[in-house]
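Because the structure is predicted, anything quoted here is derived from the model rather than measured. As a basis for the values below, the full set of heavy atoms in this structure was taken, side chains included, without hydrogen atoms, waters or symmetry mates. We count ligands from 1, going down the list as the structure has it; atoms in each ligand are counted the same way.
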Amino acid sequence: MQNTVYVLNGPNLNLLGLREPEIYGHTTLDEIAGMLEDEARKHGLTIDMRQTNHEGMLVDWLHEAQAEGARAVLLNAAAYTHTSIALLDAIKAITTPVIEVHLSDPNTRETFRHVSYVGMAAAKTVEGHGADSYRIALETVASGEV
Ligand code: DQA
């Protein structure tokens, strides 16, 4: 098994830092990537951080994570979390552990965010800690919890 952790980000997360900062904070995705790389290095892990606005790309990357023997996937599928049976099936189709990540806590927001197809198959969910959700999720991989 590789020491690489895929960190896959879905739609609109390229605008993190600018986008609804009162909900998602001021930290950009690049800053999160830098923070994760520093954290991963301490544990002998490597981060492969990506973002796409396209659902099928996330499916392809989940398959790739399995094919490449990634240690785990941190997945913030953003709005596709709440709509995508294709992502649910992709997570079920691979044995690579997937940790669902959200900056906000979708359960305390609009009711349409209370359903998570990703969460139905994810090994764990970390949400509601802002940018720190990613770091906490990485720690669960580094500690061997996931
Ligand atoms: C999000 C929560 C989703 O409901 C929303 O569609 C996002 C971001 C989060 O990280 O808090 O785009 O995944």
Side-chain angles (χ1 to χ4, degrees), residues 4-43 45-66 68 70-146:
T4 304
V5 177
Y6 278 45
V7 185
L8 306 181
N9 295 281
N12 303 303
L13 292 171
N14 52 312
L15 298 181
L16 219 54
L18 301 173
R19 169 195 185 206
E20 299 183 273
E22 66 287 0
I23 298 174
Y24 300 115
H26 293 277
T27 310
T28 66
L29 206 56
D30 277 352
E31 288 168 343
I32 291 174
M35 177 266 286
L36 286 177
E37 278 158 17
D38 290 347
E39 204 60 35
R41 203 171 303 119
K42 293 182 199 162
H43 301 286
L45 298 170
T46 305
I47 296 299
D48 189 331
M49 178 97 163
R50 305 179 188 184
Q51 189 276 332
T52 178
N53 292 323
H54 304 278
E55 182 177 6
M57 187 62 81
L58 289 170
V59 172
D60 287 345
W61 286 343
L62 285 164
H63 295 176
E64 182 190 313
Q66 162 93 350
E68 294 296 324
R71 173 77 66 91
V73 177
L74 311 189
L75 174 63
N76 186 348
Y80 292 137
T81 302
H82 316 299
T83 61
S84 181
I85 297 167
L87 282 178
L88 168 62
D89 285 348
I91 297 165
K92 288 169 84 169
I94 64 174
T95 55
T96 313
V98 175
I99 303 176
E100 176 184 21
V101 176
H102 300 288
L103 297 122
S104 67
D105 180 354
N107 296 303
T108 63
R109 300 178 61 194
E110 305 95 320
T111 48
F112 60 80
R113 296 184 203 275
H114 296 184
V115 170
S116 171
Y117 288 100
V118 168
M120 289 175 198
K124 191 178 173 73
T125 297
V126 181
E127 59 197 359
H129 300 277
D132 214 31
S133 292
Y134 288 84
R135 190 193 54 77
I136 295 166
L138 182 62
E139 291 306 325
T140 70
V141 178
S143 70
E145 182 191 331
V146 171

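Ranking the protein heavy atoms by distance from atom 11 (O) of ligand 1 puts S104 OG, 2.6 Å first. Counting only heavy atoms of the protein, atom 6 (O) of ligand 1 lies nearest to R113 NH1, 3.0 Å. With hydrogens left out, the protein atom closest to atom 1 (C) of ligand 1 is H102 ND1, 3.6 Å, a heavy atom. The protein heavy-atom contact nearest to atom 9 (C) of ligand 1 is L103 N, 3.4 Å.
Per-residue contacts place A79 under 4.0 angstrom from the following atoms of ligand 1 (heavy atoms of the residue considered): 6 (O), 12 (O). Within the listing of ligand 1, atoms 7 (C), 12 (O) sit less than 4.0 angstrom from a heavy atom of R19. Contact atoms of ligand 1 toward H82: 3 (C), 4 (O) (distance under 4.0 Å to a heavy atom of the residue).
Contact of the Y6 side chain with the L74 side chain is not registered, since no non-hydrogen atoms from C-beta on lie closer than 4.5 Å. Between E100 and V126, the closest side-chain pair of non-hydrogen atoms is not below 4.5 Å. Under the 4.5 Å side-chain criterion, counting only non-hydrogen atoms from C-beta, L103 is in contact with L16. Proximity of V118 to L88: side-chain heavy atoms (C-beta onward) are nowhere separated by under 4.5 Å. The shortest distance between side-chain heavy atoms of R50 and N9 does not fall below 4.5 Å.
Judged by the shortest distance from any of its heavy atoms, E127 lies outside the 4.0 Å radius around the atoms of ligand 1. Judged by the shortest distance from any of its heavy atoms, N76 lies inside the 4.0 Å radius around the atoms of ligand 1. Residue contact check for ligand 1: H114 places no non-hydrogen atom closer than 4.0 Å to it.
In this structure, H82 contributes its side chain and S116 its backbone to no donor-acceptor pair below 3.5 Å. Looking at Q51, its side chain does come within 3.5 Å of a backbone N or O of G10 through a donor-acceptor pair.
When only modelled atom types and interatomic distance are considered, S84 and E55 share a side-chain donor-acceptor pair under 3.5 Å.
The residue E110 has no part lying near ligand 1, judged by heavy-atom distances below 4.0 Å.
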